[in-house]
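Report on the following structure.
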There are 4 protein chains.
Amino acid sequence: MTKTVTSIEPRKLPRQRRAAATVDAVLEASARILEREGLPGFNTNEIARLAGVSIGSLYQYFPTKEAILAEIVRRKRIRLWEGLSAELPHADSQPLTVTIRRLVEATLDHQADNPGLARALDYAYAALPLQGETEDLNAKIIQGIAGILPDDVIPDRITAARDIVAIVRGMVDGATLAGSWRKQDLAPRICRALEGYLGVCE
Amino acid sequence: MTKTVTSIEPRKLPRQRRAAATVDAVLEASARILEREGLPGFNTNEIARLAGVSIGSLYQYFPTKEAILAEIVRRKRIRLWEGLSAELPHADSQPLTVTIRRLVEATLDHQADNPGLARALDYAYAALPLQGETEDLNAKIIQGIAGILPDDVIPDRITAARDIVAIVRGMVDGATLAGSWRKQDLAPRICRALEGYLGVCE
Amino acid sequence: MTKTVTSIEPRKLPRQRRAAATVDAVLEASARILEREGLPGFNTNEIARLAGVSIGSLYQYFPTKEAILAEIVRRKRIRLWEGLSAELPHADSQPLTVTIRRLVEATLDHQADNPGLARALDYAYAALPLQGETEDLNAKIIQGIAGILPDDVIPDRITAARDIVAIVRGMVDGATLAGSWRKQDLAPRICRALEGYLGVCE
Amino acid sequence: MTKTVTSIEPRKLPRQRRAAATVDAVLEASARILEREGLPGFNTNEIARLAGVSIGSLYQYFPTKEAILAEIVRRKRIRLWEGLSAELPHADSQPLTVTIRRLVEATLDHQADNPGLARALDYAYAALPLQGETEDLNAKIIQGIAGILPDDVIPDRITAARDIVAIVRGMVDGATLAGSWRKQDLAPRICRALEGYLGVCE
DNA sequence: CATGAATGAGCTTTCATTCAT
DNA sequence: GATGAATGAAAGCTCATTCAT
């Protein structure tokens, strides 16, 4: 009758510790499935099964399966932002290339845990009507990167920041797809591309 | 994903013109759906409807829905390879940066028609048990690019070629996601990154 | 992605005879279930099972279970209107009480086949976002009845027509609920109420 | 519908005031939901939420959701009977039409508070394995009405009483469905029908 | 007693695929 | 060959009810 508008926001916050464990289990199982099976294998029954949780419990906390996806993205973004923002304050006191390298390494550290996951999320991401906080985090990341760029050389720093993110994402996804990678191999290659893009190759 | 292995090859070659038209209609409809709705909206009933073809006819030419995807990828790769291979012969007689720019522009021309499609295919691609010809084309593209790289500066030319493809892919996808792009804006940015990566910034 | 707005209209018209049989089977099974189990027992799995049809076939023709309900209502209304409209032309040439009696009898004939069904439909009816044709039929029925009422005595003929329908409906539902009824018993009682309402008791 | 027979009686009498408040809150919330969403929206989780009571508490006092429904019906019947029985003693000392009018007005007063509720209850009513007290009240109401009917004119006073109830119910439901109504408009129309039915139009 | 997390049967609906016409 | 009706496994999700805390 009165069709409730299904949002993508988590349904209710877990008040008891037991509930938080359930939510975590669901998210972890989801991430694993996403990584192993990709988007096509991402279904709530399988998630619940792997999480060792009843399907009903899953839906206590997430109104739709997209909401699970959105929460994974949100949590990932939070952690990525934590990693990046730790580096930004030092940008003033060191050469740009060093800051860049630090940011790339932070990103690779962040991806290293579950490399396949990022690809699936990157793709799913676009399809999601992304909610406030995650969008804010994205903006923050872009702004943060834009902030370290020298405004005398870079005409449009926001576009540049977006390009930087795109380059890193593209290269990490590519490397992941081709097999596995080690930070010490991949990071320098990414940095070369970024430095070239920024015109700071010496 | 883990499914019973069915051939992904097109079921039978369309000998008659009518049949070829059917196949084309299916592929075009599929591409449109993929572009508009992404992988989740990609279903055979809808494809048949949009193609103006009965579902039965669709299955005359494609044994599974993955086969449709594979054929789209195959055709796209063919065209991309056509675009790229036309530039490669001139690589010897011109500076590397010129060749790079030509290749980037050829790629952007190729993507310009249906910008959203590439993202979906890139993602779907990995899930597919890729068949011979398409894999060959991928290899050819990588080899072709590797071939123009100076082997005195680049230690591992195959990896470099892969990175180049990844950078281009990443930046085009990023630009597509952010909105629309114009070749004359995007190409120089991509080239800067590539040149930096290759260490040829002057 | 693009959530198709689910209407209540039948999904596609059956083109082959086989398909029409499927649709009829679904509607018949639905009516039987509605009659026997009421609204709570009205579920698509049970309907398909009783209809001897796969659940998929059911959804080929009806986008939602409400659409089935709507179609049942629509078909019932058509038949009721057929029954009533056959009597209306004679209204001029006979006393009002005779016309009333004829209409009541036509209604009882119409209800006699599946007495329980009407109650469920009457209730479900209100919850349905009723579509054009059925609403039109309702209006026609009200208008038709209003048309036979003497406008010199009845101030608001539309309200009167609605009251008449309500009285008949109420008494038939009541009689059905109390057990079973015979037309020759029930019709005179209904007519007495209607005549009293219209002020034509002699 | 065909279910394992569970008692429908309230689970335990609320001895403390707090408990009575819980029961009342549940019943009020249920009524509101029933009125706004109808039978399909009537679910215990939602009821508990709207009542501001935990689902566990709800099940302390009502063994099943049907029990809630039954209790609502029971309380409504009690109040209706209170309204009606206040009028019955005067039946001897006044004309039948006056008594009828009084009873109709009492009924309308009773319905006025929550007009939509009655329809849902009337329908749900039939599905319920009605328990002793409510059935008694129904009988009392019928008997009470039958008692005021002149046995010289009305052959079967029980049937007549049932018809009267059915007419009133039908007309009130109809008026409610058509929009809202005012007692001073609706009561006379109902009375006309009843008087006609009873053959007391002057 | 109250709470609310958890359960899972069961409902609605989709969609890849087959097969009679 | 083409058609589209039919299929049914499987996915998404709800909700009555229980039970540990």
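Just so we're on the same page: letters track the sequence lines, and every chain starts at 1.
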Residue pair B:Asn43 / B:Ile33, side-chain heavy-atom distance below 4.5 Å: no
Pair D:Leu39-C:Tyr123, side-chain contact (heavy atoms from CB on, under 4.5 Å): steps then yes or no: CA-CA 10 Å; D:Leu39 228 27; C:Tyr123 179 71; 3.7 Å; yes
Presence of salt bridge, C:Asp24 and C:Arg75, under 4.0 angstrom: yes
Whole-angstrom distance between F:dT21 and E:dC1, as gauged at atom C1': 13 Å
Interatomic distance where CG belongs to B:Asn45 and C1' belongs to F:dG4 [whole Å]: 10 Å
Spatial distance of atom CG (C:Leu58) from atom NZ (C:Lys65) [nearest 0.5 Å]: 11.5 Å
Any B:Tyr61 side-chain nitrogen or oxygen under 4.0 Å from OP1 or OP2 of F:dG1: no
For atom CG of A:Leu39 and atom P of F:dA11, their distance in whole Å: 14 Å
Residue-level proximity of residues 24-33 of chain B to DNA chain E when a heavy atom falls under 4.0 Å: none
Gap between atoms CZ and C1', on D:Phe62 and F:dT17 respectively (whole Å): 16 Å
Min side-chain heavy-atom separation A:Leu117-A:Lys76 under 4.5 Å: yes
Candidate nucleotides E:dA6, F:dT17, E:dT17, ranked by approach to the side chain of A:Arg18 - the nearest: E:dA6
Toward the 5' end of DNA chain F, by each residue's nearest nucleotide, A:Phe42 or B:Gly56: B:Gly56
Interatomic distance, D:Glu66 CD vs F:dC15 C1' [rounded to whole Å]: 12 Å
Contact check, side chains of C:Glu37 and C:Phe42, non-hydrogen atoms, under 4.5 Å: no
Derivation of the side-chain contact (heavy atoms from CB on, under 4.5 Å) call for C:Thr44 and C:Phe62: CA-CA 10 Å; C:Thr44 51; C:Phe62 301 97; over 6 Å; no
Closest listed nucleotide, where the reference is the side chain of C:Thr44 and the choices are E:dT13, F:dG4, E:dC15: E:dT13
Side-chain N or O of B:Ser54 closer than 4.0 Å to phosphate OP1/OP2 of F:dT3: yes
5' priority, DNA chain E, between A:Thr22 and D:Thr22 [closest heavy atom]: D:Thr22
Side chains of C:Tyr61 and C:Ile68 in contact at under 4.5 Å (non-hydrogen atoms): no
Length of the line joining B:Lys65:NZ and F:dA9:P, which is rounded to integer Å: 19 Å
Pairing string, 5' to 3', for DNA chain E - Watson-Crick or wobble contacts under 3.5 Å, brackets [ ] where pairs cross, | to another strand: .||||||||||||||||||||
Protein-nucleotide distance (A:Leu58, atom CG; E:dT7, atom P), rounded to Å: 11 Å
Presence of salt bridge, C:Arg32 and C:Glu35, under 4.0 angstrom: no
Minimum side-chain heavy-atom gap D:Glu28-D:Leu50 below 4.5 Å: no
Distance, rounded to the nearest Å, where A:Tyr59 contributes OH and F:dC13 contributes P: 4 Å
Most 5' of C:Ser57 and A:Ala21 on DNA chain E, judged by nearest nucleotide: A:Ala21
Under-3.5 Å donor-acceptor pair between C:Gln60 side chain and F:dA5 base: no
Rounded distance in Å - CZ (C:Arg49) to P (F:dT7): 15 Å
